[in-house]
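Okay, structure first, notes after.
Chain identifiers are assigned alphabetically (A, B, ...) following the order of the sequence lines, protein sequences preceding nucleic acid strands; residue numbering begins at 1 within each chain.
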There are 2 protein chains.
Amino acid sequence: MTDNGWKIPEIAVAVDLAVLTVRDDALQIMLVERGVEPFRGMQALPGGFLSDVAESLDAAAERELAEETGLDPSALHLEQLHTYGTPGRDPRQRVVTICYLAFAPDPPAPVAGGDARAASWVPVATALHPGTRLAFDHGEIIRDAVERARNKIEYTTLAAAFCPPEFTVAELRRVYEVVWGELLDPRNFHRKVTGVAGFLVPTGGRTTRQGGRPAALYRRGPAHLLHPAMPRSPAPDATGTS
Amino acid sequence: MTDNGWKIPEIAVAVDLAVLTVRDDALQIMLVERGVEPFRGMQALPGGFLSDVAESLDAAAERELAEETGLDPSALHLEQLHTYGTPGRDPRQRVVTICYLAFAPDPPAPVAGGDARAASWVPVATALHPGTRLAFDHGEIIRDAVERARNKIEYTTLAAAFCPPEFTVAELRRVYEVVWGELLDPRNFHRKVTGVAGFLVPTGGRTTRQGGRPAALYRRGPAHLLHPAMPRSPAPDATGTS
DNA sequence: GCAAAAGTGTTCAATATACACCCATGG
DNA sequence: CCATGGGTGTATATTGAACACTTTTGC
């Protein structure tokens with residue numbers, strides 16, 4: 001880091017949150033309705049400006065998550081996604097926002113938090129639909145978040161972070177199918193996930209079903225990485241010949 | 001993004017660069033010697049504060065790269081790595097720095113740029129050695145950069161970004177071996193990389209050698225993703241049982 | 001018994017691994 | 001003709017893909 005004259009321009013620093021979940025067979029994202037200008041009344045990612053108290057970026061993201069959505073930061077996966085700072089992305093002044101990506105389980109405490117004005121789950125397809133008016137460059141951020149999520153569940157065990165504390169193999173498979181938008185073979189999937197050491201821990205419980213054999217219940221195991229990765233139909237290489 | 005009172009604390013925003021290359025059979029990183037306090041005389045990543053002119057983060061990274069290292073931004077791969085903002089990481093005031101990762105080919109114009117005071121290539125092993133005094137939290141950043149590089153060459157064609165415009169399969173293999181710190185079978189590696197469509201484009205040229213069959217020369221092809229990925233001995237899962 | 005969903009076994013193809021072997025050059 | 005590194009062939013093991021089939025429940 002150099003010191004080109006040590007002139008620090010007035011740049012505001014914010015932290016935004018892209019909180020994803022899988023609900024009703026759809027990938028959904030937490031959005032809030034803006035109560036003030038600019039973009040008043042439009043949908044936006046939860047977030048806020050960085051306070052100057054001694055607080056790390058990660059801690060700021062966790063604080064915003066709790067304040068704006070009422071979700072428990074310790075109960076879900078949170079990681080830095082990307083930092084956005086294009087001039088003009090905020091009409092008021094230069095704002096650089098560090099965006100975090102979170103994976104939340106399905107019914108994550110019915111969205112009742114302190115500052116949560118109009119926080120709600122919105123299907124990603126709806127949020128990105130041209131008809132939806134999104135504040136700032138949040139459409140671009142949502143696209144990046146979804147792409148990161150799609151990639152991460154391929155080589156990590158994070159798909160289980162979308163599931164409740166106890167879940168079945170079929171529920172986990174549905175997560176992959178919804179996030180990737182493609183159907184997986186239930187038989188091969190079952191063998192795959194139960195074969196990876198540390199991915200799933202059987203609880204001994206079984207589901208009660210409405211016709212059909214009961215499924216075994218699992219908890220998330222200690223493994224974070226998947227070796228080998230979950231197989232997936234090769235993504236078309238958008239930036240060149242694959 | 002919310003507006004908690006619209007009080008913007010005095011936070012400085014910087015852009016830092018982790019520029020990696022493979023030289024002399026070692027992964028090396030570009031460091032500059034700091035000329036001013038704090039950390040005067042210590043080694044640091046090139047970078048600088050974000051100017052308030054209308055300039056995107058990517059553009060700022062490219063500008064810093066040109067100014068501080070003399071490298072041509074258009075000639076190498078540049079991507080956002082991570083944003084660091086731990087309180088106290090700069091003793092002067094709160095500084096949030098957006099760090100970029102760059103992959104440079106071997107002899108990248110002998111480090112002669114404008115502001116390049118004492119820019120030099122340093123083996124990563126040396127930079128991270130306890131004896132080396134690094135400014136700020138740049139040791140942590142370098143570790144993150146190396147880990148990202150190790151992962152990226154696995155499923156992208158970026159390893160070729162470490163090679164000169166024309167290179168042999170053996171040179172590319174050496175890149176993998178140096179970055180991963182493990183030896184690869186030359187025969188299988190050759191078949192693998194020449195078999196991936198769009199990875200390597202033969203130029204028709206051949207090397208002149210000092211004993212040994214001349215090798216075919218290749219250029220980087222249009223492909224960016226590797227399907228399937230370059231095989232690699234499974235990394236131990238540091239955060240759980242794999 | 002029948003429908004439905006869970007879970008197992010088996011076959012076949014694609015890919016990784018190991019390594020024998022041939023090729024092309026300089027000395 | 002030998003040393004040296006480039007490049008191909010091939011056998012074996014591992015993994016993915018497809019799908020027949022068995023298990024266990026509700027009705």
Side-chain angles (χ1 to χ4, degrees), chain A residues 25 153-155 159 163 166-178 180 182-197 199-219 223 225-235 242, chain B residues 25 153-155 159 163 166-178 180 182-197 199-219 223 225-235 242:
Chain A
D25 280 350
I153 63 173
E154 195 168 344
Y155 61 94
C163 296
E166 298 209 346
F167 56 94
T168 66
V169 171
E171 288 178 288
L172 181 62
R173 174 168 47 84
R174 202 74 201 110
V175 167
Y176 276 95
E177 292 180 334
V178 163
W180 282 349
E182 72 187 63
L183 294 178
L184 303 176
D185 185 302
R187 287 93 43 117
N188 292 334
F189 182 86
H190 186 281
R191 216 195 331 264
K192 171 78 186 179
V193 294
T194 54
V196 174
F199 193 175
L200 302 182
V201 178
T203 67
R206 319 211 134 247
T207 51
T208 305
R209 309 198 81 355
Q210 62 304 333
R213 173 177 174 175
L217 286 170
Y218 297 88
R219 271 195 304 273
L225 262 42
L226 234 47
H227 276 294
M230 186 68 62
R232 181 186 178 189
S233 36
S242 106
Chain B
D25 280 349
I153 64 173
E154 195 169 345
Y155 61 94
C163 295
E166 298 209 347
F167 56 94
T168 66
V169 170
E171 288 177 287
L172 181 61
R173 175 168 46 85
R174 202 74 202 111
V175 166
Y176 277 95
E177 292 180 334
V178 163
W180 283 348
E182 72 188 66
L183 293 178
L184 302 176
D185 185 303
R187 287 96 38 119
N188 293 334
F189 181 86
H190 186 279
R191 216 194 332 262
K192 171 79 185 177
V193 294
T194 55
V196 175
F199 193 175
L200 302 181
V201 178
T203 67
R206 321 212 131 244
T207 50
T208 305
R209 309 199 72 11
Q210 63 304 334
R213 173 177 172 175
L217 287 170
Y218 296 89
R219 269 195 306 273
L225 262 41
L226 234 46
H227 276 295
M230 186 69 63
R232 179 186 179 191
S233 36
S242 107

Sugar-phosphate only, base, or nothing, as touched by A:Pro186 at under 4.0 Å among non-hydrogen atoms: nothing

Spacing between A:Glu154 atom CD and D:dG16 atom C1', to the nearest angstrom: 14 Å

Among B:Leu200, B:Val175, B:Thr207, side chain to side chain contact (heavy atoms under 4.5 Å, CB included) partner for B:Phe167: B:Leu200

Within-4.5 Å side-chain heavy-atom neighbours: B:Arg174 and B:Cys163: no

4.5 Å side-chain heavy-atom contact, A:Leu184 and A:Arg232: no

Flag side-chain contact, heavy atom, 4.5 Å: A:Arg219 against A:Glu166: yes

For atom CZ of A:Arg213 and atom P of D:dG26, their distance in whole Å: 13 Å

Separation of C:dT8 C1' from A:Asp185 CG (nearest whole Å): 12 Å

Closest to the A:Asn188 side chain, choosing from C:dA6, C:dT25, D:dC19: D:dC19

Closest-nucleotide 5' rank along DNA chain C - winner of B:Arg187 and B:Met230: B:Met230

Closest-nucleotide ordering on DNA chain C, the 5'-leading residue of A:Ala216 and B:Ala229: A:Ala216

Nearest-angstrom distance from the residue atom CD of B:Glu177 to P of D:dG5: 13 Å

Atom-to-atom span, CZ of A:Phe189 to P of D:dT15 - whole angstrom: 18 Å

OP1 or OP2 of C:dA6 under 4.0 Å from side-chain N/O of A:His190: no

Gap between atoms NZ and P, on B:Lys192 and D:dG7 respectively (whole Å): 18 Å

Nucleotide D:dG7, atom C1' - distance to OH of B:Tyr218 in whole Å: 9 Å

Side chain of A:Pro214 (C-beta onward), nearest among D:dG6, D:dT24, D:dG16: D:dT24

D:dG16 base / A:Arg191 side chain donor-acceptor hit below 3.5 Å: no

d(CD, A:Glu182; C1', D:dA17) in whole Å: 13 Å

